[in-house]
Amino acid sequence: MATAKETRHAALGLEPDRLLTMYRQMVLARAVDRRMWVLNRQGKAPFVISGQGHEAIQVAAANCMRPGIDWLCPYYRDLPFCLALGMTAREFMLAVFAKADDPNSGARQMPSHFGIQRLRIITSSSVVGTQVVHAVGVAYASKMRGLDEVSVTCIGDGGTSQGDWHESMNWAGIHKLPFICIVQDNDYAISVPHRLQMGVDTVARRAEGYGVAGEAVDGGDLLASYEAMRRAVERARAGQGATLISAKVARFTSHSSDDDQRRYRPQAELEALLRRDPIERFRNYLLDEGVVSEADDERIQQECTAEVDEAVTGAEAAESPRPEDLLKHVYADG
Amino acid sequence: MATAKETRHAALGLEPDRLLTMYRQMVLARAVDRRMWVLNRQGKAPFVISGQGHEAIQVAAANCMRPGIDWLCPYYRDLPFCLALGMTAREFMLAVFAKADDPNSGARQMPSHFGIQRLRIITSSSVVGTQVVHAVGVAYASKMRGLDEVSVTCIGDGGTSQGDWHESMNWAGIHKLPFICIVQDNDYAISVPHRLQMGVDTVARRAEGYGVAGEAVDGGDLLASYEAMRRAVERARAGQGATLISAKVARFTSHSSDDDQRRYRPQAELEALLRRDPIERFRNYLLDEGVVSEADDERIQQECTAEVDEAVTGAEAAESPRPEDLLKHVYADG
Amino acid sequence: MAEKTLLQGIREALGEEMERDERVWVLGEDVGKKGGVFLVTEGLYDRFGEARVLDTPLAESSIVGVAIGAAMNGTLPVAEIQFADFIHPAFDQIVSEAARIRYRSNGDFSCPLVIRAPFGGGVHGGLYHSQSVEAYYAHVPGLKVVIPSTPEDAKGLLKSSIRDPDPVMFFEHKKTYRLIKGEVPDGDYATPLGKAAVRREGASLSCFAWGLMAHYCMQAAEELEADGVSVEVIDLRTLKPLDKEAILGSVRKTARALVVYEDNLTGGFGAEVAAIIAQEAFEHLDAPVVRVAAPDVPAMPFNKPQEDAFMPSPERIAAEMRKLAAY
Amino acid sequence: MAEKTLLQGIREALGEEMERDERVWVLGEDVGKKGGVFLVTEGLYDRFGEARVLDTPLAESSIVGVAIGAAMNGTLPVAEIQFADFIHPAFDQIVSEAARIRYRSNGDFSCPLVIRAPFGGGVHGGLYHSQSVEAYYAHVPGLKVVIPSTPEDAKGLLKSSIRDPDPVMFFEHKKTYRLIKGEVPDGDYATPLGKAAVRREGASLSCFAWGLMAHYCMQAAEELEADGVSVEVIDLRTLKPLDKEAILGSVRKTARALVVYEDNLTGGFGAEVAAIIAQEAFEHLDAPVVRVAAPDVPAMPFNKPQEDAFMPSPERIAAEMRKLAAY
Ligand SMILES: Cc1ncc(C[n+]2csc(CCOP(=O)(O)OP(=O)(O)O)c2C)c(N)n1
Ligand SMILES: Cc1ncc(C[n+]2csc(CCOP(=O)(O)OP(=O)(O)O)c2C)c(N)n1
Ligand SMILES: [Mg+2]
Ligand SMILES: [Mg+2]
């Protein structure tokens with residue numbers, strides 16, 4: 001039992017090392033993400049889409065998983081998630097620059113369409129919602145094969161409106177699957193506000209109707225996110241079934257580099273977002289608890305910047321795909 | 001306030017006349033339905049699908065609606081519903097015999113694919129789930145146009161698994177539409193049992209997650225069904241939004257004339273069904289309350305049989321569709 | 001007359017039809033305050049309000065299904081699918097429902113509905129923001145399929161589509177939105193569905209196309225002009241109903257047919273055009289019916305070298321024209 | 001060898017493959033205790049248990065989507081769609097997902113999956129239990145499309161499909177299930193995908209078909225034999241990959257081509273076959289490439305007079321053969 005004086009992280013059994021790892025993962029993700037916007041403005045990256053503001057829930061979730069054993073069916077905001085699972089900054093930048101060695105798709109897809117077999121990050125499309133069903137299928141196969149694997153998927157608040165999302169939750173409930181659906185609820189689907197997306201405050205209210213567990217969590221709070229996710233993973237591993245986590249997060253950037261959120265979000269709302277920075281919040285916690293010092297933080301930021309610099313330099317110099325390879329990999333034999 | 005001695009129907013404000021009407025509608029529906037199975041066995045009706053066991057919820061619902069003003073997007077078990085809204089036995093039999101004058105589809109569709117403009121029963125396909133979305137669209141249009149109409153739709157328990165069902169409920173919740181979805185939950189989708197269809201006992205549990213009202217009702221109990229439906233209609237008319245009614249019912253027949261439910265339902269279960277006959281139950285109530293006598297009942301049965309006889313004779317003698325009319329009504333101008 | 005972009009043509013048609021007939025309304029993802037991801041519906045939200053310019057949930061099947069229901073209750077919905085690539089979740093509602101409302105009810109019901117969607121590539125859209133989907137729908141009896149390629153047509157054909165009593169699929173090539181400019185007549189006009197447009201008369205061969213490819217064919221034809229080869233370019237404009245007479249008439253004149261489309265070769269709508277010619281103008285043909293289309297790979301990659309390799313280019317079209325003319 | 005129905009061929013292939021490889025499993029509506037609405041999966045539930053013969057919720061998109069996920073996690077799912085008419089809700093999962101898993105991941109992932117569905121009419125199925133849907137999928141790169149017409153092929157092609165590393169659409173004509181009987185070789189065998197079968201050699205004209213129409217063409221060809229017209233009948237069997245060589249080779253020999261399909265004429269897969277012939281065998285043709293297909297109405301009505309009027313009949317096919325042979 002946690003005593004009154006016990007820290008939040010100690011109550012969760014989290015060691016300082018792990019806290020540092022998670023902090024560093026968030027910082028790196030933000031650094032990579034910011035850089036891609038710079039590249040976009042420089043005309044070097046035709047399209048970017050961001051995870052800024054969504055880092056806490058993603059990094060927390062990744063740290064409850066076993067990379068290479070548990071599965072992720074991601075969505076396009078999952079840069080922090082994928083980095084935390086082991087994707088390198090360089091691998092991501094190869095996609096941003098549309099280079100042949102992009103491990104996700106050989107630059108066939110837009111950047112942020114993640115998929116890396118070695119990390120069990122399953123290839124994803126742009127079609128919102130389809131990945132959730134795949135995650136159910138993965139979980140069904142794990143269960144059928146008697147394997148101790150957890151299948152995790154992410155989606156936005158808008159994505160939950162898709163029929164596929166419902167069909168997935170229903171399957172997960174029927175078969176009590178080792179499946180976790182994380183809804184990253186940032187109040188918008190491009191410009192469509194929450195009130196026009198659903199008639200309730202949070203989709204976590206839908207869990208009961210499927211026979212799955214529901215968790216509504218502040219997705220900007222790393223420790224709260226970690227707690228909810230860990231409970232979900234334990235539930236999955238214990239054969240107690242699926243969990244729907246709805247994590248409230250803040251979308252810091254426009255939807256993508258093709259969007260301008262000032263067209264539809266009030267200025268005051270945009271300013272208020274900044275107070276919801278998950279990285280700031282965790283940094284303050286770590287400083288307050290003495291887990292990191294200002295100097296540590298400075299070092300981490302510098303390391304991450306250096307990592308990004310190197311990734312960009314390497315990726316920019318890499319080869320572009322060859323036109324004739326357009327015809328490859330339609331089928332196994334071609 | 002109902003006093004202890006007040007009858008259930010009086011508490012609902014139901015006059016004996018209306019009770020008789022509803023009773024007669026159920027009896028007629030059953031008579032028509034039974035006859036079509038006879039015709040099927042005689043080789044005169046290649047395909048039949050039944051509403052037997054579902055009569056109470058349907059007739060109750062129809063009696064809360066204003067035919068020709070409120071809308072119904074039906075499904076293939078809604079014979080009692082459609083008769084109660086004003087479809088004649090003869091009109092139905094024209095479909096059963098696949099005759100040109102079938103008002104539903106000119107015998108282009110299988111029987112029980114209802115759709116009659118004059119009654120505001122909207123044309124339905126065989127594709128499970130699609131009708132629910134149409135009902136939402138109808139309701140949205142009514143609301144947009146400021147019309148005081150209620151849009152009702154029916155679907156089976158299996159049908160709620162479709163993505164379309166979810167998307168519809170979500171719309172209904174967002175816009176607080178004058179929309180009512182009646183789930184006729186008969187525990188099976190053809191042979192697939194409830195436990196493999198959903199992870200919960202009743203879909204009424206899903207209402208809250210959409211921001212719509214939920215009612216779980218015994219759909220074999222006419223008065224309970226009437227009560228739930230009337231509340232839903234009042235809610236809709238008062239602009240208070242949508243209702244999801246889940247009505248437990250018993251499927252008396254095999255799924256359709258192409259099915260044999262003995263292959264997958266235990267004998268004991270089939271026998272137990274008979275004790276759940278909604279018509280029996282309502283008859284007993286009416287006899288107990290002295291609303292009808294045995295003699296009245298006898299007369300009603302005979303009238304209904306005569307109505308069916310006449311419908312069959314008329315429909316059987318009607319013209320078949322002409323082959324060349326195959327090409328008509330693809331577009332307005334053809 | 002004023003010079004406008006194709007996108008402006010569409011926007012004007014929407015605005016004018018909504019003004020003219022209060023039954024007309026617009027629904028789709030981001031069509032409201034944002035004005036659509038391509039800004040096609042810009043300004044409509046302010047003019048007509050939220051109920052008639054409705055931002056929908058992210059669920060295409062319901063966008064179409066709700067429009068169907070609303071069309072059966074006295075309104076004229078114009079549904080926007082944000083990208084044609086995302087129309088597939090609505091496939092069932094379009095094919096099983098919208099297309100058959102009239103037929104299956106033996107004429108008792110109808111479904112006056114327009115579904116607009118930007119399609120096509122060449123804009124770094126990658127596998128899921130570049131596709132051509134017209135072949136799926138041009139196969140479906142009960143639907144009409146319209147693809148404008150000029151600002152004038154965009155406006156006039158969209159007006160006809162909105163006024164049409166049956167469901168119309170209206171596909172707008174996204175690369176043409178701002179690239180293609182042209183005169184748009186002042187005032188109200190409607191361009192009839194089912195009529196092809198001869199963009200260029202010619203005697204040596206007939207070239208059939210739609211969307212962006214109609215422009216590429218024009219470029220190629222101009223190139224061939226220099227070599228003394230006169231190419232007739234026909235923009236089909238509506239694939240369903242198809243202007244067979246225009247196709248056959250042209251082939252009877254030139255005896256050579258080239259069909260150009262951006263979609264994958266196999267089973268693309270160009271196959272139908274070629275098959276019609278092969279059956280109904282066989283006696284007039286002096287050469288094989290040639291198709292130029294994209295290769296049979298799932299879609300256009302994001303990276304530029306492969307995107308370029310996928311798209312039929314004016315150069316490739318010109319080369320095929322030359323070969324065919326010389327056959 | 002023993003005489004079996006086409007349905008038995010399919011059932012045996014499923015049973016044997018499940019026996020041979022425990023990664024193979026079956027999912028769909030009513031495939032379990034009931035054994036499927038046509039009893040194709042009868043007996044499998046008792047032999048292999050509920051987890052591998054899974055009754056799914058009534059939701060086609062998830063049937064396919066779950067199969068896709070499971071295929072990426074080491075299993076070989078065979079998904080049944082109860083009627084091809086109800087495959088449309090899964091269109092997106094098939095076209096955007098299954099077909100592109102390999103391509104979009106640059107070969108990093110694959111999706112070994114079979115989707116079986118009964119299609120076709122002539123069984124009083126009405127508008128929604130009679131359709132042909134192969135054209136939609138034969139257009140999609142990344143998919144294979146198989147349609148057996150004999151019991152031997154049904155078994156052998158299904159085995160190949162299950163063993164294939166890519167997603168295969170396997171369409172079974174429901175009228176052939178019990179109508180068509182034939183010898184089925186004993187023991188394990190696999191019929192290769194991508195090879196057409198010459199069902200009947202002939203010199204006067206080539207006739208291409210699949211599914212039930214392959215049988216109707218045989219009947220018509222036999223009728224013409226009596227008149228001294230020798231018709232070659234080629235059953236395409238797999239529309240994707242398509243055996244172009246078999247098609248072109250036959251046309252080069254006979255100089256006349258008839259393409260017969262049960263689907264709506266416009267944009268049906270026969271258009272592709274005709275277009276290939278018109279482009280690649282033009283010089284060998286002595287007559288127009290003729291298509292016989294269903295009219296462009298949404299689907300086959302339930303009532304018998306109109307159902308019959310819709311279906312291409314052996315008589316109608318024979319009449320077209322006669323005309324073409326005499327051209
Ligand atoms: C099926 C489909 N429809 C539309 C789109 C276009 N689109 C891409 S992202 C997006 C909004 C997604 O919103 P949400 O699910 O809330 O995720 P967020 O981007 O806010 O994280 C839309 C409409 C798409 N990719 N797929
Ligand atoms: C999309 C779709 N898939 C499958 C079918 C085949 N089918 C017809 S009815 C039915 C079961 C419906 O069960 P339920 O919704 O519970 O309704 P019930 O028949 O029990 O009243 C199925 C699978 C269909 N008509 N549509
Ligand atoms: Mg969002
Ligand atoms: Mg049921």
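Both backbone and side-chain heavy atoms feed into the values below; hydrogens, waters and symmetry mates do not. Numbers restart at 1 for each chain; the letters A, B, ... are given by sequence-line order, proteins then strands.
With a threshold of 4.5 angstrom between heavy atoms, A:Ser124 approaches chain D through N, CA, C or O but not through any side-chain atom. For a residue to count as touching a neighbouring chain, one of its non-hydrogen atoms must lie under 4.5 Å from one of that chain's; by this rule A:His113 does not touch chain D. Interface remark: D:Asp108 contributes backbone and side-chain atoms alike to the contact with chain A (heavy atom separation under 4.5 Å). For chain D, no part of A:Gln131 is nearby; none of its heavy atoms comes within less than 4.5 Å. Only the side chain of D:Leu54 comes within contact range of chain A, judged by heavy atoms closer than 4.5 Å. If you measure heavy-atom distances from A:Leu326 to chain D, the contacts under 4.5 Å come from both the backbone and the side chain. With a 4.5 Å cut-off on non-hydrogen atoms, D:Ser110 does not touch chain A at all. With a 4.5 Å cut-off on non-hydrogen atoms, D:Ala51 touches chain A through its backbone and its side chain both. Residue contact with chain D, scored on non-hydrogen atoms closer than 4.5 Å, involves the backbone and the side chain of A:Ala332 alike. When heavy atoms are compared at a cutoff of 4.5 Å, A:Gln109 approaches chain D solely by way of its side chain, counted from C-beta outward. With a threshold of 4.5 angstrom between heavy atoms, A:Pro321 does not approach chain D through any atom at all.
Residue with the most contacts toward chain A among D:Gly107, D:Ala99, D:Ala71: D:Gly107 (heavy-atom pairs, distance under 4.5 Å). When D:Ile63, D:Leu143, D:Leu27, D:Asp164 are compared by the number of non-hydrogen pairs under 4.5 Å with chain A, D:Leu143 comes out ahead. For the set A:Val138, A:Val330, A:Ile174, the entry with the most heavy-atom pairs within less than 4.5 Å of chain D is A:Val138. With chain D as partner, the option from A:Asp102, A:Ile116, A:Asp333, A:Val132 having the largest number of non-hydrogen pairs under 4.5 angstrom is A:Ile116.
At a threshold of 4.5 Å between non-hydrogen side-chain atoms, the residues D:Arg100 and A:Ser125 do not count as touching. Between D:Met72 and A:His134 the shortest side-chain heavy-atom distance falls below 4.5 Å. Between D:Ile101 and A:Thr123 the shortest side-chain heavy-atom distance falls below 4.5 Å. Inter-residue side-chain proximity for D:Thr75 and A:Tyr140 is flagged as unmet; no heavy-atom pair is nearer than 4.5 Å.
For the pair A:Arg108 and D:Tyr103, the cation-pi test (distance below 6.0 Å, angle within 45°) is passed.
Considering CG of D:Asn106 and CG of A:Asp325, their distance stands at 8.0 Å, rounded to 0.5 Å.
Considering all non-hydrogen atoms of both residues, D:Ser62 and A:Glu167 come closest at N-OE1, 2.8 Å.
A donor-acceptor contact closer than 3.5 angstrom is absent between the side chains of A:Thr130 and D:Gln93. Looking at A:Arg145 and D:Asn73, their side chains do bring a donor and an acceptor atom within 3.5 Å of each other.
Within a 6.0 Å radius of CD in A:Glu324, other residues, nucleotides and ligands contribute more than 12 heavy atoms. Within 6.0 Å of CD in A:Glu316 there are more than 12 heavy atoms belonging to other residues, nucleotides or ligands.
Here the options are A:Val133, A:Asp164, A:Val127, the test is side chain to side chain contact (heavy atoms under 4.5 Å, CB included), and the partner is D:Glu97; only A:Val127 passes.
The backbone N or O of D:Asp166 lies less than 3.5 Å from no partner atom in the side chain of A:Tyr331, so there is not a single donor-acceptor pair.
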